[in-house]
K.L.:
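Attaching a single structure in structure tokens format; questions to follow.
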2 protein chains.
Amino acid sequence: MFTYIEKIKNAGVKFTRPRKLVLDVLKAAKQPVSIKEIHKRIRKNADLASVYRTIHLFEELGIVREVPLGEGYQRYELIEEGRHHHYILCVECGKLEDIDVCLADQVAKMTHFRILSHSMEFQGVCRGCDG
Amino acid sequence: MFTYIEKIKNAGVKFTRPRKLVLDVLKAAKQPVSIKEIHKRIRKNADLASVYRTIHLFEELGIVREVPLGEGYQRYELIEEGRHHHYILCVECGKLEDIDVCLADQVAKMTHFRILSHSMEFQGVCRGCDG
DNA sequence: AATCAATTGCAAATGATTTGCATTATGTCC
DNA sequence: GGACATAATGCAAATCATTTGCAATTGATT
């Protein structure tokens, strides 16, 4: 469809240095990342406030989704075409595993809501840590 | 099984005034409530810090569960025997509707995790607000 | 290269939640 | 029922994530 950069430019906003840096970190990340992690990886090249502002912009543009894992802060990941999934977090070792099922369509039918967003995350102990 | 009060006393902790007040508010609530709401309802009879401490105790005792609805703060509700459900929040009017489906068992089988907790909440626009 | 609004960096503000500590109140024992 | 020991409270200050105001900067356009 459109690349992330195209989506940014089509939205009529500038493709600035901080925005490029945040996008690069998101692309390189293999897991949803926190604001703090993003900021750490781009050090002095972008302010923490700009990371927050950029992530919120990306959310509005449909580039990024929030992944709440009950850690006291949010994580974010790029939205990939045709790849909708959720996570389970091992509270012992921090491992994140993908879950490829989702109830969103079913819930939309049941409730007659127009669903804007949803979270569906699990916390537990993985087989390796559970002894 | 056990009443909430029995669970508290069996845990070897005191059943204090703030704890009774918080429990009463939770029992009276028809929806998951925020810490701020709980505190507002018991006014000068318990400190905000005690409400936080009490809710965390109740979580540990399995009396209360956290309901994250993406509002920037948490809500909490009493855990009722045999009544496990989730919510969809209308972002227009604030209406909360119950959802009586859950993927926890299926996810446990798929991932071989021992699931400790999970959240599965939806945000959208209800039929009434969607025009 | 000049222009100008959008965006940034910085520092201060906000809001939820947590914590230290002196004081108070609960459950227990007599 | 009263005294005791300790858990729990209230209060105020600290912490942590996130937001915001504003002057200075920069990207896109000409």
Side-chain angles (χ1 to χ4, degrees), chain A residues 4-25 32-61 63-76 117 119 121, chain B residues 3-26 32-61 63-76 117 119 121:
Chain A
Y4 298 118
I5 294 178
E6 282 167 354
K7 282 189 180 174
I8 294 169
K9 294 186 172 168
N10 291 348
V13 299
K14 295 177 181 174
F15 186 57
T16 61
R17 211 159 104 83
R19 287 172 185 169
K20 179 189 184 328
L21 290 167
V22 170
L23 183 58
D24 288 345
V25 171
V33 284
S34 67
I35 298 283
K36 197 192 259 182
E37 280 167 31
I38 296 171
H39 185 230
K40 189 188 295 174
R41 293 185 200 177
I42 58 189
R43 282 268 175 191
K44 295 298 176 192
N45 299 310
D47 190 73
L48 182 61
S50 295
V51 177
Y52 275 103
R53 287 188 277 229
T54 297
I55 286 290
H56 294 150
L57 172 68
F58 286 3
E59 281 190 273
E60 282 167 26
L61 299 185
I63 288 176
V64 147
R65 90 169 182 106
E66 194 176 87
V67 181
L69 287 168
E71 300 166 297
Y73 52 82
Q74 300 295 149
R75 298 203 196 197
Y76 301 88
S117 62
S119 68
E121 323 302 338
Chain B
T3 66
Y4 298 118
I5 295 177
E6 282 167 353
K7 281 189 180 173
I8 294 169
K9 294 186 172 169
N10 290 348
V13 300
K14 295 177 180 173
F15 186 58
T16 62
R17 212 158 103 80
R19 287 171 185 170
K20 179 188 184 329
L21 291 166
V22 171
L23 183 58
D24 288 345
V25 171
L26 289 168
V33 284
S34 67
I35 298 283
K36 197 192 258 184
E37 282 167 30
I38 296 172
H39 185 230
K40 188 188 296 174
R41 292 186 200 176
I42 59 190
R43 282 269 175 191
K44 295 298 177 192
N45 299 308
D47 190 75
L48 182 61
S50 294
V51 177
Y52 274 103
R53 286 188 277 230
T54 296
I55 286 291
H56 294 150
L57 173 68
F58 286 3
E59 281 190 274
E60 282 167 26
L61 300 184
I63 288 175
V64 148
R65 91 168 182 105
E66 194 176 86
V67 181
L69 288 168
E71 299 167 297
Y73 52 83
Q74 300 295 149
R75 296 204 196 196
Y76 301 88
S117 62
S119 67
E121 323 301 339

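Lettering follows sequence order; numbering is per chain, from 1. This structure is a prediction, so every number in the text was calculated from the model and none was measured.
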K.L.:
For dA5(C), take OP1 and OP2 only and decide whether either is under 4.0 Å from a side-chain N or O of K14(A).
P.N.:
no
K.L.:
Apply side-chain contact (heavy atoms from CB on, under 4.5 Å) to the pair E59(A) and H56(A), showing each step before the final yes or no.
P.N.:
CA-CA 5 Å; E59(A) 281 190 273; H56(A) 294 150; 3.4 Å; yes
K.L.:
Hey, which sits more toward the 5' end of DNA chain C by its nearest nucleotide, K9(B) or K36(B)?
P.N.:
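Closer to the 5' end of DNA chain C: K36(B).
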K.L.:
Taking atom P of dT18(D) as reference, at what distance in whole Å does atom CD1 of I55(A) sit?
P.N.:
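Roughly 11 Å, once rounded to whole Å.
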K.L.:
Among dG21(D), dA7(D), dG10(D), which nucleotide sits nearest the side chain of S50(B)?
P.N.:
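For the S50(B) side chain, the nearest candidate turns out to be dG10(D).
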K.L.:
Between A49(B) and V13(B), which residue's closest nucleotide on DNA chain D lies nearer the 5′ terminus?
P.N.:
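Whichever sits nearer the 5' end wins; that is V13(B).
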K.L.:
From the set dT9(D), dG9(C), dG27(D), return the single nucleotide nearest to any side-chain atom of T16(A).
P.N.:
dG27(D)
K.L.:
What's the closest nucleotide to the R53(B) side chain, out of dT26(D), dT19(C), dT18(C)?
P.N.:
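The nucleotide sitting nearest to the side chain is dT19(C).
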K.L.:
Using a 4.0 Å heavy-atom cut-off, does H39(B) contact any base of the nucleic acid, only the sugar-phosphate backbone, or nothing at all?
P.N.:
nothing
K.L.:
Could you check how far NZ of K44(B) sits from C1' of dC11(D), rounded to whole Å?
P.N.:
11 Å
K.L.:
Report yes if some heavy atom in the side chain of F15(B) is under 4.5 Å from a heavy atom in the side chain of L23(B); otherwise report no.
P.N.:
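With C-beta onward as the side chain, the pair touches.
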K.L.:
Across the strands shown, which category fits Y52(A) at heavy-atom distances under 4.0 angstrom: base, sugar-phosphate, nothing?
P.N.:
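It contacts base atoms.
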K.L.:
With a 4.5 Å cut-off on side-chain heavy atoms, are I55(B) and I38(B) touching?
P.N.:
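Yes - at least one pair of side-chain heavy atoms lies under 4.5 Å apart.
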K.L.:
Taking the side chain from H39(B) and the backbone from A46(B), do they hold a donor-acceptor pair closer than 3.5 Å?
P.N.:
yes
K.L.:
Indicate the atoms forming the closest heavy-atom contact of K14(A) with I8(A), along with that distance.
P.N.:
O-CG2, 4.2 Å
K.L.:
Would you please confirm or rule out a distance under 4.0 Å between OP1 or OP2 of dT18(D) and any side-chain N or O of H56(A)?
P.N.:
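Result: no.
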K.L.:
Within this structure, what is the CD1-to-P distance between I5(B) and dT26(C), rounded to whole angstrom?
P.N.:
14 Å
K.L.:
Please report the distance, rounded to the nearest Å, between NZ in K40(A) and P in dA17(D).
P.N.:
11 Å
K.L.:
Within this structure, what is the CZ-to-C1' distance between R43(B) and dG10(D), rounded to whole angstrom?
P.N.:
17 Å
K.L.:
Any idea which heavy atoms bring F58(B) and R19(B) closest together, and the distance?
P.N.:
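Closest heavy-atom pair between F58(B) and R19(B): CZ-O, 3.7 Å.
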K.L.:
What is the distance, to the nearest angstrom, from the CD atom on E66(B) to the C1' atom on dT17(C)?
P.N.:
12 Å
K.L.:
Would you mind reading off the distance between L21(B) atom CG and dA25(C) atom P, rounded to a whole angstrom?
P.N.:
14 Å
K.L.:
Could a donor-acceptor pair under 3.5 angstrom be found where the side chain of R19(A) meets the base of dG27(D)?
P.N.:
no
K.L.:
From the options dA28(D), dG27(D), dT17(C), select the nucleotide whose nearest atom is closest to the side chain of F15(A).
P.N.:
dA28(D)
K.L.:
Can you check the I38(B) CD1 to dA16(C) P distance for me, whole Å?
P.N.:
14 Å
K.L.:
Which nucleotide sits closest to the side chain of L48(B): dT17(C), dT9(D), dT20(D)?
P.N.:
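Among dT17(C), dT9(D), dT20(D), the one nearest the side chain of L48(B) is dT17(C).
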K.L.:
From the set dT19(D), dT18(C), dG9(C), return the single nucleotide nearest to any side-chain atom of A46(A).
P.N.:
dG9(C)
